[in-house]
Amino acid sequence: MQIGRLIACVGAALLTSVVGGAPAAGQELEAPIVVGRNATAPYRILFDGPPGLLGGQECIELPPGDGLFTGLWVGDEPAFATLREDDPDRGLYRLLPGHQVALRRVAFEAGLRIYEPVGFTQILGTDGATFDFALDPQGDFEINLLGAADRPGRFAGSFQLID
């Protein structure tokens with residue numbers, strides 16, 4: 001099963017953290033992490049996204065929060081979306097009808113949090129916790145979750161997509 005790893009950076013960590021010998025620059029995603037499947041049975045959930053981000057060489061920058069998020073650093077990433085058309089060049093295909101996809105927390109460093117963007121409730125609070133993506137009538141989803149941290153620093157989290 002494919003495991004993804006994301007890095008979030010707050011404050012001075014943007015300038016001082018080093019991953020693989022290179023500065024870990026802040027990243028605003030241009031595209032979401034795309035969720036699809038492999039081509040043939042047994043089908044597996046696969047995902048693809050910015051390689052520097054998923055590989056841990058880049059991080060999601062979390063600016064200071066306000067309002068409900070005062071005292072935290074919050075950004076509207078990571079984003080996830082279903083693949084809208086088969087992409088054989090990347091080995092990704094649309095999910096089959098009836099697929100229900102969830103995000104499962106494998107491990108987060110202390111201080112890293114994820115919130116859902118509608119009710120602003122914290123999700124994935126413990127290792128093994130899951131969050132089901134809400135599907136539209138076509139079986140697709142697109143969502144920007146809210147990454148957050150409770151202090152300046154560099155925070156890593158790993159996840160799986162499951163069905």
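Predicted model only: the values in this text are computed from it and were never measured.
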K.L.:
Look at the side chain of T130 and the backbone N and O of R104, then say whether any donor-acceptor pair between them is shorter than 3.5 Å.
P.N.:
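Checked: no pair found.
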K.L.:
N144 side chain to D76 main-chain N or O, any donor-acceptor pair under 3.5 Å?
P.N.:
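Yes; judged by distance alone, with no hydrogens or angles, the pair exists.
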K.L.:
With the side chain counted from C-beta on, respond yes when F69 and P64 share a heavy-atom pair under 4.5 Å apart, and no when they do not.
P.N.:
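The answer is no; the side chains never approach within 4.5 Å.
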K.L.:
Taking the side chain as every heavy atom from C-beta outward, state whether V74 and L62 have any pair of such atoms under 4.5 Å apart.
P.N.:
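Contact flag for V74/L62 side chains = no.
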K.L.:
Nearest 0.5 Å please: distance from the CZ atom of F133 over to the NE2 atom of H99.
P.N.:
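That separation rounds to 13.5 Å.
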K.L.:
Within a strict 4.5 Å, meaning less than it, do heavy atoms of the Q138 and R84 side chains meet?
P.N.:
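They are not in side-chain contact.
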K.L.:
State, yes or no, whether a side-chain contact exists between C9 and R154 at a heavy-atom distance under 4.5 Å.
P.N.:
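A side-chain contact exists here, since the closest heavy-atom pair is under 4.5 Å.
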K.L.:
Count the heavy atoms belonging to other residues, nucleotides or ligands that lie under 6.0 Å from CG of D136, then report whether that count exceeds 12.
P.N.:
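Atom CG in D136 is crowded, with more than 12 foreign heavy atoms closer than 6.0 Å.
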K.L.:
Cluster question for you: counting only ILVMFWY and a side-chain heavy-atom cut-off of under 4.5 Å, with indirect links fine, are V118 and I123 together?
P.N.:
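Each belongs to a different hydrophobic cluster.
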K.L.:
Taking side-chain contact (heavy atoms from CB on, under 4.5 Å) as the definition, give me every residue that meets it alongside A107, ordered by chain and number, with sequence neighbours left out.
P.N.:
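Per chain and number, A107 pairs via side-chain contact (heavy atoms from CB on, under 4.5 Å) with D127, S158.
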K.L.:
Starting from Y115, can I reach I7 by hopping between I/L/V/M/F/W/Y residues whose side chains sit under 4.5 Å apart?
P.N.:
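No; tracing contacts between hydrophobic side chains, which count when under 4.5 Å, never links both residues.
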K.L.:
Any salt bridge (Lys or Arg N to Asp or Glu O under 4.0 Å) involving residues 33-52? Give me the pairs, sequence neighbours left out, ordered by first then second residue.
P.N.:
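Qualifying pairs, neighbours excluded: D48-R90.
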K.L.:
Between Q100 (side chain) and D132 (backbone), is there a donor-acceptor pair under 3.5 Å?
P.N.:
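No.
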K.L.:
Hydrophobic clustering (ILVMFWY, side-chain heavy atoms < 4.5 Å, transitive) - are L53 and V35 grouped together?
P.N.:
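Hydrophobic grouping puts V35 with L53.
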K.L.:
With ring centroids as reference points, do F159 and F80 lie under 6.0 angstrom apart?
P.N.:
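They qualify: ring centres under 6.0 Å apart.
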K.L.:
Got a sec, which residues hit side chain to side chain donor-acceptor pair (under 3.5 Å) with R94, two or more places apart in sequence or on another chain?
P.N.:
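Listed in chain order: D140.
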K.L.:
Which heavy atom in A156 sits nearest to a heavy atom in R5, and how many Å separate them?
P.N.:
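Shortest heavy-atom separation between A156 and R5 comes out as CB-NH2, 3.3 Å.
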K.L.:
For a 4.5 angstrom cut-off between non-hydrogen side-chain atoms, does L145 reach P117?
P.N.:
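Yes, close enough: below the 4.5 Å cut-off.
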K.L.:
Any chain of hydrophobic side-chain contacts (each under 4.5 Å) joining L92 to I45?
P.N.:
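No: no chain of side-chain contacts under 4.5 Å links L92 to I45.
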K.L.:
Working to the nearest 0.5 angstrom, can you tell me the gap between L135 CG and E142 CD?
P.N.:
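Here the rounded value is 13.0 Å.
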K.L.:
List the steps and the verdict of side chain to side chain contact (heavy atoms under 4.5 Å, CB included) for N38 and Y43.
P.N.:
CA-CA 6 Å; N38 62 321; Y43 296 111; 3.8 Å; yes
K.L.:
Kindly work out whether a path of hydrophobic side-chain contacts (I/L/V/M/F/W/Y, heavy atoms less than 4.5 Å apart) joins V106 to L46.
P.N.:
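Different clusters.
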K.L.:
Between E116 and G119, is there a donor-acceptor pair closer than 3.5 Å when you use the side chain of the first and the backbone of the second?
P.N.:
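Side chain of E116 to backbone of G119, a donor-acceptor pair under 3.5 Å: yes, one is there.
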